[in-house]
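Have a look at the structure below before the remarks.
Just so you know, these numbers come straight off a predicted model, no measurement behind them. We count residues from 1, following the sequence as given.
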Amino acid sequence: MRKIVGYFEGTDSTLLTDLVCDGFDTVPISNGFDNHGMHVRIINNENKVDLLVGYVHKIFAPEDSVQAGGVTYEDIFHVCRTFDIPLLLEVHDDRQERARALFKDIPDVVQFVDPSRILAEARAVLEQG
């Protein structure tokens, strides 16, 4: 059975194509605001993905966006913790400290990865276990 990569809108298409060519499937995941695929809140044991990939701005939403159907990063972190789903957030090395400062209680399954290493890191995560 092929492993599945869930990706938030805007994820680099070259990354996704490379992963498909490597034998992994990809599915779009919605942050609840952009309606881009399966809503992240409905991920469960029956439809879970093996990896989530996206950019910081896709999970760091304004507080009032939750009222418009969006989710908070805490919601996404909860899904990742509950179902043990690694989340790779693509952000340049020189911005990672600032990116981390945006979030509280970052789970161990969340990694901030420079764009130059995102494919290698995704492959490494997917090839484990």
Look at the side chain of S30 and the backbone N and O of N35, then say whether any donor-acceptor pair between them is shorter than 3.5 Å. yes

Side chain to side chain contact (heavy atoms under 4.5 Å, CB included), that's the test. Do R95 and V56 meet it? Break it down for me. CA-CA 11 Å; R95 294 287 185 238; V56 169; over 6 Å; no

Apply side chain to side chain contact (heavy atoms under 4.5 Å, CB included) to residues D75 and V40 and explain how you reach the verdict. CA-CA 9 Å; D75 296 326; V40 69; 5.9 Å; no

State, to 0.1 Å, how close F83 and I43 come at their nearest heavy-atom pair, and which atoms those are. CE1-O, 3.3 Å

If you look at every heavy atom in L51 and P86, which pair is closest and at what distance? CD1-O, 3.5 Å

Go through the steps to decide whether V109 and I85 satisfy the test side chain to side chain contact (heavy atoms under 4.5 Å, CB included), and finish with yes or no. CA-CA 7 Å; V109 293; I85 300 170; over 6 Å; no

Donor-acceptor check, side chain of N31 to backbone of F33, threshold 3.5 angstrom: yes or no? yes

Derivation of the salt bridge (Lys or Arg N to Asp or Glu O under 4.0 Å) call for D93 and R117: CA-CA 10 Å; D93 283 338; R117 295 188 312 278; 3.1 Å; yes

Flag yes if F112 and I76 sit in one hydrophobic cluster, no otherwise; membership is Ile, Leu, Val, Met, Phe, Trp, Tyr, and two members link when side-chain heavy atoms are under 4.5 Å apart. yes

Output the distance between atom CD (E90) and atom CG (L119), rounded to the nearest 0.5 Å. 10.0 Å

Apply side chain to side chain donor-acceptor pair (under 3.5 Å) to T26 and list each qualifying residue two or more places apart in sequence or on a separate chain. none

Rounding to 0.5 Å, atoms CD1 (I29) and CD1 (I59) come to a distance of 13.5 Å

State plainly whether one hydrophobic cluster holds both V49 and V20, where clusters connect Ile, Leu, Val, Met, Phe, Trp and Tyr through side-chain heavy atoms under 4.5 angstrom apart. no

Is it the case that atom CZ in R2 sees more than 12 heavy atoms from other parts of the structure closer than 6.0 Å? yes

Quick one: are L126 and L19 in side-chain contact, heavy atoms under 4.5 Å? yes

Is the backbone N or O of K104 less than 3.5 Å from a side-chain atom of Y73, with the two atoms forming a donor-acceptor pair by type? yes

Polar side-chain atom of H92 near backbone of D94 as donor-acceptor pair, under 3.5 Å: no

Starting at CG of D84, measure out to NZ of K48 and round the result to the nearest 0.5 Å. 6.0 Å

Any heavy-atom pair between the side chains of F77 and T72 that's under 4.5 Å? no

When you look at NE2 of H36, are more than 12 heavy atoms from neighbouring residues, nucleotides or ligands closer to it than 6.0 Å? yes

For the residue pair I118 and D12, establish whether any side-chain heavy-atom pair is separated by less than 4.5 Å. no

Using atom types as modelled and distance alone, determine if a side-chain donor or acceptor of K3 lies under 3.5 Å from a backbone N or O of D50. no

May I ask you to check whether F8 and Y55 place their ring centres under 6.0 Å from each other? no

For Q96 and V91, indicate whether the former's side chain and the latter's backbone hold a donor-acceptor pair under 3.5 Å. yes

Taking all heavy atoms of R41 and all of H39, pick out the closest pair and write down the distance. N-ND1, 3.0 Å

Is V71 reachable from V27 through a run of I, L, V, M, F, W or Y residues, each pair having side-chain heavy atoms under 4.5 Å apart? yes

Sub-3.5 Å donor-acceptor pair from the side chain of N47 to the main-chain atoms of N44, do we have one? yes

Transitively linked via ILVMFWY side-chain contacts under 4.5 Å: V125 with L16? no

With clusters defined by side-chain heavy atoms of hydrophobic residues (ILVMFWY) lying less than 4.5 Å apart, directly or transitively, does L89 cluster with I106? yes

For the pair D34 and K58, find out whether any cationic side-chain nitrogen is under 4.0 Å from an anionic carboxylate oxygen. yes

